[in-house]
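Notes for the one structure printed next.
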Amino acid sequence: MPRFYLTTAIDYANGDPHIGHALEKIGADVIARYRRLRGDDVHLLMGMDEHGQKVQQTAAQQGVAPQVFTDEIAARFLSMWARLGVEYDQFIRTTDAHHKAGVQALIRRIAERNPDDFYERSYRGMYCVGCEAFKQDADIADGRCVHHPTRTLEEVEERNWFFRLSRYQPFLQQLLADNPSFIEPESRRNEILGLLAQGLEDISASRSRLDWAVPFPLALSTGETQGTYVWFDALPNYLTATGFPDEGYETRWPADLHVIGKDITRFHVVIWPAMLHAAGLPLPRQVWAHGFVQLGGERFSKSAGVKLDLGEAIDRFGADAFRYVLLREVPYDGDGNFSWERFEERYTSDLANAFGNLASRAMAMVEKYCEAVVPIAAAPEVEAEDDADVLAYHVAMDGARGWLLHDGLSAVARMTARANEYTQAMAPWQLAKDPARRADLEQCLASLIRRLARQAVLLAPFMPNKAQALWEQLGGTGAVAAQRFDALSALEPAGWTVHKGDGLFPRPAPTEPKA
RNA sequence: GGCAGGGUAGCUCAGCUGGUCAGAGCGCACGACUCAUAAUCGUGAGGUCACGGGUUCGAUCCCCGUCCCUGCUACCA
């Protein structure tokens, strides 16, 4: 059974989950469920990044210990993933003891194999006492920190451990030349190529004044022990989650896919492979950078007040509908827009009117004309037209040409539309009036149920609960998630007893309040 | 500033190497039907293909310029 190890970015424990987090996790969950339907042995890793100065400061402001603070944040994220139906196989937190030990083991391993890769150097920067952090140009205005304009910035110099990233520039360029699909979509690869062409600088591996961190396993020549800086703490989570450095981690590592946001491609495509190569460890097979959700045409941002409450979005039509609309509206390879208006339009046209109503009318007729038992009948020729869409679905979903989840949904939507057209053309309610056309009627209804069953399987990664509900209404036994794509064409519902229940996707109330 | 990608029907977007390339979905209007969640099916809607030049027998798709938008331009996670 092929293994498939995929990961999402670990989220920083300094705020609540928002729609941006949701897009990434839902997408990864869909990919994981899709691979399971292919029969793969899937392992989906998610987690939280809990170290760093911001966490330390925020916790201090609230008067609680950092660990207590991150425990609360982590609980909120976990609760949200449960509400969204995101099912991970493993949830790692960078404050886990094993992770911390793994980070230190990785650093030591690099130091042993490439002693020159870590070296001491002084780091100079403008330090803001208010923020307790070094500030970059973007955060400096008129020589003062934008957050603490009453204080003066101090030019501070400290000795740190540095990682000789610059040394790996040729290696990385060769990597992207030999393996172009290492980072997709292409636009993101081009950005990295541009970055590499500029030349790489070495990066900090440790920092002083960083107490809430994994202790850097090497002491400076002064004897001081510093905290491990973010790169060497966060990125290795994908590796330490496999058990590294303990025996057996190789059975899972390397990861098949890192699903991340486009804002952190650099870290995953430059720093991370360099670290692994320095340690003599295999590289992940691919990094996929998804885009961002824009709200009403504006970029999501807490500061700008442009936001959308996830809980409200889920309550609107349910988690499954939200998952569907989000991935249908936002292309997984780029940015997309999301708004309440759009949400309702999509829900109504795609789910309530097209798909939900198709299921409703088909099952109603089987109950009415066939005593609820799906007739035995050969498939009509037009049914074969679905094959092209099933193929398109897999092309979009299997990753060979990127992870274009929105295209997968488009393909299923075409199948739904075709089934509605077919129903209209055959007019089974007319056939039912003529006993001589009984065979045609049965063939039509059997075809509709068969197509619905297939669509339920294809939609299962996106809407696991609704797909299961439909599966059961159609008379299918067991879990729709237990189906396998390679058996889809042979799926035969003849003899099933349908139980048309409540509508899968009820139309929204006429006077639905907007937001 | 530099690099990269864009500006196509009300909205979201397809249009690969130039000549049925002026399209799809949604919304909207009209018609059909009645199995169904007032759902479905059919038809239609006439958008200077950002703007100005150029190459060509012919350009939305090629070249130049202009305007506008987005991303990247490393120690924020």
Side-chain angles (χ1 to χ4, degrees), chain A residues 9-15 48-55 94 123 125 131 133-136 138-139 160 162-163 165 185-195 197-205 207 229-235 260-267 270-271 289 291-292 294 297 299 328-331 334-337 339 341-342 345-346 348-369 406 410 413-414 417 419-432 441 444-445 448 500 502-508 510:
Chain A
I10 51 175
D11 300 308
Y12 197 51
N14 195 38
M48 310 241 26
D49 178 16
E50 306 188 353
H51 287 130
Q53 236 156 7
K54 276 189 190 170
V55 166
T94 56
Y123 178 84
C131 294
F134 286 102
K135 310 307 287 186
Q136 303 304 308
D139 294 317
N160 295 144
F162 270 71
F163 175 63
L165 181 65
E186 188 178 16
S187 56
R188 305 271 91 98
R189 176 168 63 250
N190 289 336
E191 288 175 2
I192 296 299
L193 288 173
L195 183 77
Q198 288 176 41
L200 296 178
E201 293 174 19
D202 294 343
I203 56 171
S204 296
R207 277 293 167 76
Y229 200 54
V230 55
W231 329 124
F232 277 86
D233 182 344
L235 290 166
I260 60 165
K262 64 181 184 179
D263 54 331
I264 53 176
T265 55
R266 182 168 58 247
F267 310 131
V270 176
I271 299 177
F292 289 154
Q294 315 244 319
R299 183 171 182 172
R328 182 101 155 96
E329 285 295 302
V330 182
D335 296 343
N337 243 304
S339 66
E341 293 73 22
R342 205 70 182 168
E345 282 176 11
R346 266 302 177 200
T348 303
S349 64
D350 282 19
L351 297 180
N353 293 354
F355 189 64
N357 183 56
L358 173 67
S360 178
R361 67 196 304 202
M363 287 189 284
M365 287 189 280
V366 172
E367 290 185 343
K368 195 167 182 176
Y369 306 136
H406 53 291
S410 298
R414 288 196 295 274
N420 270 320
E421 290 166 23
Y422 171 72
T423 305
Q424 207 65 24
M426 293 303 292
W429 51 90
Q430 296 286 8
L431 299 177
L441 173 66
C444 175
L445 297 184
L448 289 177
K500 181 188 174 194
D502 295 336
L504 255 53
F505 301 100
R507 283 178 63 81

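Order of the sequence lines fixes the chain letters, A, B, ..., with proteins taken first and strands second; residue numbering starts at 1 for each chain.
Contacts of A/Arg188 with the nucleic acid, taken as non-hydrogen atoms under 4.0 Å apart, involve only primed sugar atoms and P, OP1 or OP2. At the heavy-atom level, A/Leu165 lies under 4.0 Å from base atoms of the strands shown. Nucleic acid contact for A/Asn190: none, since no nucleic acid atom lies under 4.0 Å from a heavy atom of the residue. The residue A/Gly199 sits close to a base: some heavy atom pair falls under 4.0 Å. As judged by a 4.0 angstrom heavy-atom cut-off over every strand, A/Glu345 is placed among residues touching the sugar-phosphate backbone only. Among the protein residues, A/Ser187 comes within range of no part of the nucleic acid, since none of its heavy atoms lies under 4.0 Å from any strand. When heavy atoms are screened at a 4.0 angstrom cut-off, A/Ala364 is found touching the sugar-phosphate backbone but no base atom. Contacts of A/Asp233 with the nucleic acid, taken as non-hydrogen atoms under 4.0 Å apart, are absent. Base contact: A/Gly356 has a heavy atom under 4.0 Å from a base atom. Within 4.0 Å of A/Ile192, counting heavy atoms only, lies no atom of the nucleic acid at all.
Side-chain atoms of A/Ser360 do not come within 3.5 Å of backbone N or O of A/Gly356 as any donor-acceptor pair. A side-chain donor-acceptor contact under 3.5 Å links A/Asp335 to the backbone of A/Phe292. Formation of a donor-acceptor pair under 3.5 Å by the A/Thr94 side chain with backbone atoms of A/Glu50 is found in this model. In terms of modelled atom types and a separation under 3.5 Å, the side chain of A/Asp49 and the main chain of A/Asp11 share no donor-acceptor contact. Using modelled atom types, no side-chain atom of A/Asp350 and backbone atom of A/Ala413 make a donor-acceptor pair closer than 3.5 Å.
Separating the CD atom of A/Glu421 from the P atom of B/A24 is a distance of 13 Å, rounded to the nearest angstrom. Distance CG (A/Leu193) to C1' (B/G5): 15 Å, rounded to an integer number of Å. For the pair A/Tyr369 OH and B/A36 C1', the interatomic distance rounds to 10 Å; values are reported in whole Å. Between the CG atom of A/Asn420 and the P atom of B/G42 there is a distance of 10 Å, given to the nearest Å. A/Gln430 has its CD atom 15 Å from the P atom of B/A32, to the nearest Å. Between A/Tyr422 atom OH and B/C41 atom P the separation is 15 Å, expressed in whole Å. Between the C1' atom of B/G25 and the CZ atom of A/Arg346 lies a distance of 7 Å, rounded to the nearest Å. Distance, A/Ile260 CD1 to B/C72 C1': 14 Å, rounded to whole Å.
Nucleotides B/C28 and B/C69 place their P atoms 33 Å apart, quoted to the nearest Å. The gap from the C1' atom of B/G6 to that of B/C13 amounts to 13 Å, rounded to the nearest Å. For the P atoms, the distance from B/G23 to B/G47 is 14 Å, rounded to whole Å. Nucleotides B/C72 and B/G58 are separated by 43 Å at their P atoms, to the nearest Å. B/G25 and B/G42: their P atoms are spaced 9 Å apart (whole Å). Between the P atoms of B/G15 and B/G53, the separation comes to 29 Å (whole Å). On the P atoms, B/A32 is 40 Å away from B/A50, given to the nearest whole Å. Taking atom C1' on both nucleotides, B/G44 is separated from B/C3 by 46 Å, rounded to a whole Å.
Taken from CD in A/Glu201 to CG in A/Leu165, the straight-line distance is 9.5 Å, to the nearest 0.5 Å.
Here the closest heavy-atom approach between residue A/Ile264 and residue A/Ala9 is recorded as CD1-CB, 3.8 Å. Closest of all the heavy-atom pairs between A/Cys444 and A/Met426 is SG-CB, 3.8 Å.
Each of A/Phe267 and A/Leu195 has a nearest nucleotide on RNA chain B; the 5'-most of these lies closest to A/Leu195. Residue whose closest nucleotide on RNA chain B sits further toward the 5' end, between A/Met365 and A/Ile10: A/Met365.
Across B/U37, B/A74, B/A36, the shortest atom-to-atom separation from the side chain of A/Arg361 is found for B/A36. Side-chain proximity of A/Lys500 to B/G42, B/U37, B/C26: nearest is B/U37.
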Below 3.5 Å is the cut-off: list the nitrogen or oxygen pairs between protein and nucleotides 8-13 of chain B, distance only.
residue : atom : partner  : partner atom : Å
B/U12   : O4'  : A/Arg342 : NH2          : 3.4

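Judged by distance alone with a 3.5 Å cut-off, a donor-acceptor contact links the side chain of A/Asn357 to the base of B/A36.
Taking the side chain as every heavy atom from C-beta outward, A/Asn337 and A/Arg342 never approach each other to under 4.5 Å.
Ring-plane geometry between A/Phe163 and A/Phe232 is classed as perpendicular, the angle between the planes exceeding 60 degrees on a 0 to 90 degree scale with a lower cut at 30.
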Practice item. Would you please test A/Arg361 and A/Leu448 for side chain to side chain contact (heavy atoms under 4.5 Å, CB included) and show each step? Key: CA-CA 10 Å; A/Arg361 67 196 304 202; A/Leu448 289 177; 6.0 Å; no
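For RNA chain B, if you chain together Watson-Crick or G-U pairs that step i with j, i+1 with j-1 and so on, the runs of at least three with distances under 3.5 Å are B:1-7 with B:67-73, B:10-13 with B:23-26, B:28-32 with B:40-44, B:50-54 with B:62-66.
Contact check on A/Glu367 versus A/Lys500 returns no salt bridge, with no Lys/Arg side-chain nitrogen under 4.0 Å from an Asp/Glu carboxylate oxygen.
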